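In what follows, a structure is listed as structure tokens, so that the remarks can point back to it.
What you see is a predicted model, and the numbers here were worked out from it, not measured in a lab. All values below come from the heavy atoms of this structure, side chains included, with hydrogens, waters and symmetry mates left out.
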Amino acid sequence: MLGTAPRLAGAQALDAVPVAALPAPRLAFSEQEMALAQRVAGDPGLADFYGTNGLQPIFLGPEGAPRRAALIEAVGQAASHGLPPARYRQAALRRLDREGVDSVEEELGFARAFARWSHDVSGGILDPRKVESGIKREVQRPRTGDLMREFARTADPAAVLAALPPRDPRYEALRSALGRQSQLAAPAEVPLVPEGLWREGMSDSAVAMLRVRLSSIGFAAPPLGSPASFDAPLAQAVAAYQQAAGLPADGVAGPRTVARLNRGTGPEAEAILVALERMRWMAGHDLNARHVWVNLPEYNARIFEGGREIFETRAVIGKANREFETPEFSETMKYLVVNPRWNVPRSITVKEYLPRLQANRYAVAHLDVVDGAGNVIPRDRIDFRRYSAASFPYRMRQKPSDDNALGVVKFMFPNPWNIYLHDTPTKHLFNQSSRAYSHGCIRIGRPIDLAHELLRPQVANPDAVFAKALKSGRESYLNLRPPVPVHLVYFTAFPDETGKIHRFPDIYGRDALIHAALVKAGLDSAAADE
């Protein structure tokens, strides 16, 4: 009762205010205001903005000119962000601006372009969870209404738009790399180079065509003699092109080099396009804060702090199998478990261990069979043959030990998919170049070093704190203060601290699906606007 008194008093005070003193509801609207209200009713973001803006336009007339100019300039950068230019209709916006913007329809042309652009560049075109079931990422994007209110009241609308893309140097490095890839595409009218292999000292009419195509994209090699002779300057130009295209820079125009030169942009550019979209999905996270970053295709885990890498280790991830692929998501690591027990996932219990127990009740003797209350049940009291995978009523668990499947420590960031980082007794897998072997969780190559680094900000001697917990032999919990964000990401093209782009295999085939979805989004939006 005490908790309700202030609310009652406030309600009674409001009731006591004379009706005449309350703001009168607005009943009269102009024809333009009514038209605007009706046209934005189906768009929550625009309805939110115009409803709070008194149904007044912000792009019309001379007053809206700076906003129109800023938006036209911003959407003109779509290709450099890896976004399909057709979605934002820059040519149509330029025409409207040139001819005069004075109607509700023209206002909404700019407003919709603003909403689409701000949505895409600040958080990505796609809803990642709809692209592939292994992508669990939730995008944290700004609300359209809030952005439009800021855009409407600022004296510098261009600055509002410039602040929308991810503010991360790696995003800019990817944009620069995309620009370089785009420059490798020869104009459509330049003839293709015939298939073949040419090196310094050879002569062929195709060499002259090779020289012309290279020159068209900035790799000019004026001939020392005949244009059809493969001379030293041409070999140098071929090597420079190969380096820019990510090919072995041997100066020999072989089948791979010729095919790449004829194709223009290729898989390298597609991987960068996808990486830019993935970075936009991450824009709602503070990547300057201390965090754990696990790039699945790289088989690697790192800690970053202040935008700088401070720890790195190899990792083993889920098998390239739909059932075991490691998902992508972000969560918060709250604690470490030293000397962990391994609670065997039910999927492993019933698919891998139950058939062995049905054949021999004493199989997998390193695991305990436990009931729902956690009591260990002697195996001679169980007829395993009575049960199917659906009806098996027990769980399986491994005590802390040197050969425990989780090793000596696991790193917990509670999530619906029961994914975590952990040690492993199977150390030899970290020497493999391809490390997709687990059932979904992430095994860490240097787990004790990782534990020390995570504990470092909160204790004077993290090595001693961890060693004490380990020496106890008991399952122990070490809370992280403060908790540390964890990002499980999937980049097949990503820059290092120097801006150099490194490539990794698309082990789960997710990039291909994202690229197809990006292409479809561009085509669909262009068709819708025709």
With no hydrogens and no angle check, just 3.5 Å: does a side-chain donor-acceptor pair link [X] and [Y]?
{"X": "Thr426", "Y": "Arg443", "answer": "no"}
{"X": "Arg322", "Y": "Ser133", "answer": "yes"}
{"X": "Asp511", "Y": "Tyr490", "answer": "no"}
{"X": "Ser122", "Y": "Arg141", "answer": "no"}

Exercise for review: May I have all residue pairs that pass salt bridge (Lys or Arg N to Asp or Glu O under 4.0 Å) and include part of residues 404-432, sequence neighbours excluded?
Suggested key: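 Sorted result for residues 404-432: Asp423-Lys427.
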With a sphere of 6.0 Å drawn around [atom1] of [X], does it hold more than 12 non-hydrogen atoms of other residues, nucleotides or ligands?
{"X": "Gln458", "atom1": "CD", "answer": "yes"}
{"X": "Glu195", "atom1": "CD", "answer": "no"}
{"X": "Glu73", "atom1": "CD", "answer": "no"}

Taking the six-membered ring for Trp and the full ring for Phe, Tyr or His, determine whether the centres of [X] and [Y] are under 6.0 Å apart.
{"X": "His452", "Y": "Phe466", "result": "yes"}
{"X": "Phe494", "Y": "His502", "result": "no"}
{"X": "Tyr241", "Y": "Phe219", "result": "yes"}

With the threshold set at 4.0 Å, does a side-chain nitrogen-carboxylate oxygen contact exist between [X] and [Y]?
{"X": "Glu328", "Y": "Arg510", "answer": "yes"}
{"X": "Asp43", "Y": "Arg112", "answer": "no"}
{"X": "Glu172", "Y": "Arg167", "answer": "no"}
{"X": "Arg302", "Y": "Glu298", "answer": "yes"}
{"X": "Asp48", "Y": "Arg149", "answer": "yes"}
{"X": "Glu323", "Y": "Lys351", "answer": "yes"}

Exercise for review: Only counting residues at least two apart or in another chain, list the ones meeting salt bridge (Lys or Arg N to Asp or Glu O under 4.0 Å) with Arg346.
Suggested key: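 Per chain and number, Arg346 pairs via salt bridge (Lys or Arg N to Asp or Glu O under 4.0 Å) with no residue.
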